[in-house]
Structure formats: structure tokens, C-alpha cells
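As C-alpha cells, the structure follows; a few thoughts come after it.
In listed order, ligands and their atoms are each counted from 1. The figures that follow rest on heavy atoms only: side chains count, while hydrogens, waters and symmetry mates do not.
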Amino acid sequence: MSIIGNLILHNTIVGDSLNLLFLSTPVGALGTGLGGGVELTLYNIAQAMQQRGHRVRVIAPSRSQLPQLDIVTVTGSLQVTAQTQGRDAAIALPPEPVLGAMWEAARRQQPHFDLVLNFAYDWLPFYLTPFFHIPVAHLVSMGSITDAMDAVILQAIARHPERIAFHTRTQAKTFGDVPETCPCLGNGIDLSLYDFCETPEDRWAWVGRIAPEKGLEDAVAAIAKTGSKLTVWGKMQFPDYWEEVRRTYPEAKVEYAGFLPTQELQRQLGRCRGFLMTPKWVEAFGNVTIEALACGVPVVAYRRGGPSEIVRDGETGFLVEPDSIEGLAEAIARWSEIDRSNCRRQAETEFSIPAMGDRVETWLRRVFSNPKSVV
Ligand code: UDP
């Protein structure tokens, strides 16, 4: 037990285990898909930490559901996603924000925890960091989007570089001169949920939120050019955008198959010849890339953002000049050159839950043992 100011902290460590308080994304309830890849990332990290004997509690918006996790839900209005904002967007909170309620709950519960891990890409958690008595670590889930977020993230890095982690170096670089002491953790998935499929059908896959930053139109353009078939899975975030893409390429053989739970998604994804990853933004990581690899599906991705640090060009897929439809079409034609077992093997060695768990645990122990602030 330690005493800081007038607050008594009961966060003594039993053995080596840590008491971890995870703060989820405020843009949607866990399990709805609104949180995008963050939902899976949070769940997988929580599982990895629990398997290692750490205690995890998650604070999340109401109606959040995650099996086998201690979740405290709070009510309030959801935040607008950062990626729909302009670069000079002001910081905005709705009346009775769920984000405020989540961080108020974290403030009250901190005496029972060793460390807070924030998954929200929002200004308030970074701003609040120095006001907490226990260390607040942040896993930044997107690249630079607004000036206000850049400023508050860089401020947090200046105080405590080791507390701010990214998924990839490319993502970190979008914020400018980020020191090497900020770790890049990649990501991990439960590989037992993904089956290796050796013999694919004659179709390609595209998986992601149906949203402009995900660049579905380029995948559809390349599919139209090659005459191949494409199945699209993911949250229908912007139906107008989907309609526009369909109108622009009426000849493309494209079907939308909805938003599926992981088990069903991986079953169908695994049967595809290849996976197209065509983001227009710097994808911080791109969970769907490693999900495809786990099923043995080669990935054709733009040489941009997270996927460019994941895909091994010519071995587990192809990296293509960003925004080049021609490049995509050429890579699509070369699908049979990739040995699907290489894809599964890469997922096993680099992106399993234990591999990710090692990286995250090392990081959190470093944060916990380094409580002093630079500023
Ligand atoms: N996803 C899903 N069902 C679907 C389509 C997507 O569960 O039908 C999940 C997918 O498995 C991944 C997430 O949605 O975990 C998308 O994450 P990603 O990092 O690729 O993109 P984000 O939406 O975070 O930008």
C-alpha cells in the first residue's frame, strides 16, 4: 500500500501480476463493430494478460459485450469517430458524454489498479493522463488525423515516451518525430479461431468498414479490370459511399455479404484466393491483414501504412504502389505464386496472442516500473 497525497492506494502486486484497468473506445459498444479493429485488439490483449495471471477490468460504453471479461459499462452519448473529422476539427463532446463518464469511473476506481491502459483515440484521455495517480498508458489505434490530437499525443510523449505505444512505425511517423522509446507492438489474434484453408475458390475478399478511408473503390476497380469476383464483408458505415462505388463500376462482379462474427468471417474469408487491402489513409495496423494470413490467404496491399510492415512481398502476398489500379490488377494475376502455408506460418510466428502478449506485457511492466514524469 502506498499513499499519494490524501489518496490511499491498495494496488500492491500479488506475486508478479498487475491489476490492469482497460478503457475502451467511446465510439461504440464492444461487440457492435462500431469500434473497428480496436474491439478485437482490446479483447485479445485482455485475454493475453488474463492468461498470464494479470487481473483485467474493462470500462466500456453501455451494452458492451465480451465473453469472459470483467466489464463495467457506463451510459452516455457516444463520441464521433476521429476519422470523419477535418484536420482542424475542434475537440467536441456531446452533452452527457460516455467518454467523460468512462474516465470518471476510471478516476474513482484507480486506487484498486496498478495501471490504466487507454484504447480510445480521443483528446480527453491524453489530456487527463497527468491528473491520475497511477500510470496511464495509451495504445494509439490510428495515424495522425487532426491537429488537436497530434498536439495532445506529442505532449503526452514529451512527458512519458514509454507510455505511448503504436502498432507500427509507419503509423508512429505520421505524428512526426516520435522517439524510439515509444514501442511499436504490432497486433495479435487467437489463431485457434482461424482455420488454414489450402484450396481456395475463384474469388477475392475485401474486409473492412465500408467507409471512404478504406478505399473500397480501388479494389472494385481492380476487380472490374481483371474480371475476377469479389466478396465484401464489413460494417456498412456509409451506405451512400457503397452505392456510389457500385454505380461507378457496374460491370464489377462484387457482392456484399454483411458484417459477420469472427468465426463465420474466417470460414468464408479462408476460401478466398486472395485478400485486397486498399486503404486511402495510413492504416495504423490493419487487423484484417493478419486475419487473412492466419487463414492462409495471400494479401495484396498498397505499400502504405501498417500492411506494408506486415506483408512480405512475394512471400505472403504482394505490395503494390499506392493508388495504382494497374498494380493491383497485376498482383491479382500473380496469386498462384504465393504458397498459402507461408501466410499461416507468418501469422503463427509474429501475430499469435502469445507473441503479442509478450510485447504488451514487456511494455506494461516497463510503464509500471517507471512512474516518474519527465515534465
Ligand atoms: N470484422 C468483423 N466482421 C466483418 C468484417 C470485419 O468482425 O464482417 C472485423 C475484423 O475482424 C477486424 C475489424 O472488423 O477485427 C476491422 O479492423 P481493422 O483494423 O481492419 O480496421 P478498422 O475498422 O479498425 O479501421
Side-chain angles (χ1 to χ4, degrees), residues 24-47 65-67 79 81-85 119-122 139-145 166-168 170-171 174 185-191 193-195 205-216 219 230-238 241-242 255-272 275-295 297 299-302 304-311 347 351 353 356:
S24 185
T25 168
V27 305
L30 288 167
T32 60
L34 283 171
V38 174
E39 295 189 24
L40 193 63
T41 302
L42 182 149
Y43 184 54
N44 289 338
I45 292 180
Q47 273 187 312
Q65 285 178 350
L66 281 184
Q79 287 295 106
T81 53
Q83 64 269 32
T84 55
Q85 310 287 298
F119 291 84
Y121 188 98
D122 211 304
L139 177 50
V140 182
S141 60
M142 291 187 275
S144 159
I145 296 174
F166 298 89
H167 287 288
T168 57
T170 332
Q171 173 206 4
T174 63
L185 303 173
N187 219 339
I189 50 176
D190 180 353
L191 289 165
L193 302 176
Y194 298 81
D195 301 316
W206 189 96
V207 184
R209 287 177 289 106
I210 318 293
E213 69 269 15
K214 294 290 186 175
L216 174 63
L230 180 73
T231 305
V232 173
W233 289 278
K235 194 88 192 166
M236 184 59 77
Q237 207 173 12
F238 295 99
Y241 166 68
W242 164 257
E255 59 161 354
Y256 173 60
F259 180 84
L260 301 181
T262 302
Q263 199 184 5
E264 186 55 22
L265 177 68
Q266 69 84 27
R267 212 167 56 80
Q268 302 214 24
L269 172 61
R271 296 197 199 121
C272 293
F275 177 78
L276 295 176
M277 188 79 192
T278 50
K280 290 287 167 187
W281 68 345
V282 175
E283 192 77 57
F285 185 75
N287 280 330
V288 288
T289 316
I290 57 173
E291 295 183 85
L293 292 176
C295 300
V297 179
V299 179
V300 169
Y302 284 150
R304 166 189 281 151
S308 69
E309 289 182 40
I310 300 171
V311 177
F351 306 116
I353 294 237
M356 178 63 174

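Side chains of N44 and D190: no donor on one and acceptor on the other come within 3.5 Å.
Geometrically, ligand 1 and R209 share a nitrogen or oxygen pair separated by less than 3.5 Å. Where the criterion is an N or O separation shorter than 3.5 Å, residue side chain and backbone included, W233 fails it with respect to ligand 1. For a threshold of 3.5 Å applied to N or O pairs, the pair formed by G37 and ligand 1 contains at least one separation below that value.
Distance OG1/T32 to NZ/K235: 5.5 Å, rounded to 0.5 Å. Taking CZ of R304 as the start and CH2 of W281 as the end, the distance is 12.5 Å to the nearest 0.5 Å. Taken to the nearest 0.5 Å, the CG atom of L216 stands 6.5 Å off from the OG1 atom of T278. In this structure, CD on E309 lies 11.5 Å from OG1 on T289, to the nearest 0.5 angstrom.
Short contacts between ligand 1 and G258, defined as distances under 4.0 Å to a heavy atom of the residue, involve ligand atoms 8 (O). Applying the 4.0 Å criterion to heavy atoms of V207 picks out, from ligand 1, the atoms 5 (C), 6 (C). Of all the atoms in ligand 1, the ones that sit under 4.0 Å from a non-hydrogen atom of E283 are 21 (O), 25 (O). For ligand 1, the atoms sitting less than 4.0 Å from at least one non-hydrogen atom of E291 are 10 (C), 11 (O), 12 (C), 15 (O), numbered in the order shown with element in parentheses. Atoms of ligand 1 lying under 4.0 Å from at least one heavy atom of L40, given by number and element, are 15 (O). Those atoms of ligand 1 with a heavy atom of N287 less than 4.0 angstrom away are 15 (O), 18 (P), 19 (O), 20 (O).
Within the 4.0 Å heavy-atom shell around ligand 1 one finds F259. In this structure, E213 falls outside the shell of residues with a heavy atom less than 4.0 angstrom from ligand 1. Heavy atoms of G208 stay at 4.0 angstrom or farther from ligand 1. In this structure, K214 counts as a contact residue of ligand 1, since one of its heavy atoms falls inside 4.0 Å of the ligand.
Applying side-chain hydrogen bond (donor to acceptor under 3.5 Å, both in side chains) to Q237 and the options R209, E213, Q83 leaves one that passes, R209.
The proximity of V288 to ligand 1, defined as any non-hydrogen pair under 4.0 Å, involves the side chain as well as the backbone.
With distances taken over non-hydrogen atoms, the option nearest atom 8 (O) of ligand 1 out of T262, L260, N187 is L260.
The six-membered or imidazole ring of Y256 lies near that of W242, with a centre-to-centre distance under 6.0 Å.
Residues Y121 and V140 meet the side-chain proximity criterion, which asks for heavy atoms closer than 4.5 Å.
For E255, the CD atom is densely surrounded, since the number of other residues' heavy atoms within 6.0 Å is greater than 12. In this structure, Q65 places its CD atom where only 12 or fewer heavy-atom neighbours from other residues, nucleotides or ligands lie under 6.0 Å away.
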